[in-house]
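What follows is one structure encoded as structure tokens, with my remarks underneath.
One is the number of the first residue; the rest follow in order along the sequence.
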Amino acid sequence: VKKVNNIADLRNTNGEYEGQIIELLGYYEAGDKEPLKYKWTNTQGVDDGGSVINSENGSWIVDFNGVVNVSDFGAFPNGFNIENRLSKIDTYLSNTDGGIIKFNAGSYVLENGYEFKSSNLIIQGVSKVSTELKCSKNGIRLSTNAFHSGSILRDLRIDGSNYTESKGVSLDQVNLCELSNIFISNFDTGIYGDTAVMNVIENIFVIGCRIGVEFINGSYFTRINNSTITGCREIGLSEKGSKLVINNVDVEATGVLDDDGFFSGNAIITGYSTLSNIHIEGAKNALIVNTGSVICENFSASSCINVIYS
């Protein structure tokens, strides 16, 4: 099998016959990503920088079998904005009914954030320690194209810059999705959901946001499990007009620390949710109950001025 070192070399190589196989050894240089085998076709397609690479007389195409590493489209943790590369991956997978998008370890730049168009995606890093999305404005918004959005976001660190009204992860009209093993920091709102139904959020660590987690407008039966929300400037977790199921969640150090040693913020605001195994430490109000019916079991609070305020 013939081999080429990089994408530039592949674009400069014409196939010798229909169906010829060639091995690509890297994207910018040999060895900077896993090798891929491309197949030649005499019909020229739309060059997207990953799945289709055009040369003068035709195209080299690859079948990812539903699993794409962002490096396959030229996205690397090298300080350059990857939004355009993500868009090309997203477009490719939108034609295959979803798939897996993998990030390697390192820090990737998202200048404006990215809104996925495809549903049924698994978007994953190596871990919430080693794979970082560095965001100047927003982070990730999952697809709202279909009622059954069904995507999974996991094993990532998403860092913001406290940009006004920014959101780390947006589940705006997103249903049946899962967030797991994610570290979110320094957004106006860490996780935001509007009419977000039956999602699962677990093993999340949110820190340094104005509001840690916020769900509004009929976000029914979304579950938040085994998570920590800490160091938020105003509110740890807020639910308005929704019914969340919240279990084994710690909310700590909400608000600004005053001269008397108390924090000024509200740890949890809710009206209709079910809370169990909740620990609050450091807030003016541990739990604010709006008009509605709240089920609360095994709730503890310390270093708070008011435990329950309604």
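- By the salt bridge (charged side-chain N to carboxylate O under 4.0 Å, His left out) test, E234 pairs with R210, sequence neighbours left out.
- Counting only heavy atoms from C-beta outward, the side chains of V213 and I224 approach each other to under 4.5 Å.
- Scanning all heavy atoms of the two residues, the minimum distance from I82 to F76 falls at CG2-O, 4.1 Å.
- For N54, the side-chain hydrogen bond (donor to acceptor under 3.5 Å, both in side chains) partners are S59, not counting sequence neighbours.
- Considering all non-hydrogen atoms of both residues, S118 and L93 come closest at OG-C, 3.8 Å.
- Through direct or indirect side-chain contacts shorter than 4.5 Å among Ile, Leu, Val, Met, Phe, Trp and Tyr, F183 is connected to F205, I207.
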Residues Y192, F187; criterion ring pair (Phe, Tyr, Trp, His ring centres under 6.0 Å); working and verdict: CA-CA 11 Å; Y192 176 80; F187 290 92; over 10 Å; no
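- Counting heavy atoms of neighbouring residues, nucleotides and ligands inside a 6.0 Å radius, atom CD of E165 does not exceed 12 of them.
- Considering only residues two or more places apart in sequence or on other chains, D72 meets the side chain to side chain contact (heavy atoms under 4.5 Å, CB included) condition with K33, L36, F64, V68, N69.
- Applying the salt bridge (charged side-chain N to carboxylate O under 4.0 Å, His left out) criterion to D47, with sequence neighbours excluded, gives R11.
- Residues satisfying the salt bridge (charged side-chain N to carboxylate O under 4.0 Å, His left out) criterion with D194, sequence neighbours excluded, are absent altogether.
- Side-chain atoms of S180 and N203 include no donor-acceptor pair closer than 3.5 Å.
- Note on K117 versus D90: salt bridge recorded, some NZ/NE/NH1/NH2 to OD/OE distance being below 4.0 Å.
- For the residue pair N186 and D159, no side-chain donor N or O sits within less than 3.5 Å of a side-chain acceptor on the partner.
- Of the N and O atoms on the side chains of N42 and E18, at least one donor lies less than 3.5 Å from an acceptor on the other residue.
- At a cut-off of 3.5 Å, with distance as the only test, a side-chain donor of E132 or S107 sits close to an acceptor on the other residue.
- Nearest heavy-atom pair across S273 and K243 is OG-C, 4.1 Å.
- When the shell of 6.0 Å around CD of E34 is examined, it contains 12 or fewer heavy atoms from other residues, nucleotides or ligands.
- Hydrophobic clustering (side-chain heavy atoms under 4.5 Å, transitive across Ile, Leu, Val, Met, Phe, Trp, Tyr) keeps V245 apart from V200.
- Enclosure of atom CZ in R223 is not indicated, since only 12 or fewer non-hydrogen atoms of other residues, nucleotides or ligands lie within 6.0 angstrom.
- A donor and an acceptor atom, one from each side chain of T195 and N217, are nowhere located under 3.5 Å apart.
- When the shell of 6.0 Å around NZ of K88 is examined, it contains more than 12 heavy atoms from other residues, nucleotides or ligands.
- Looking at W60 and L24, their side chains never come closer than 4.5 Å, going by heavy atoms from C-beta outward.
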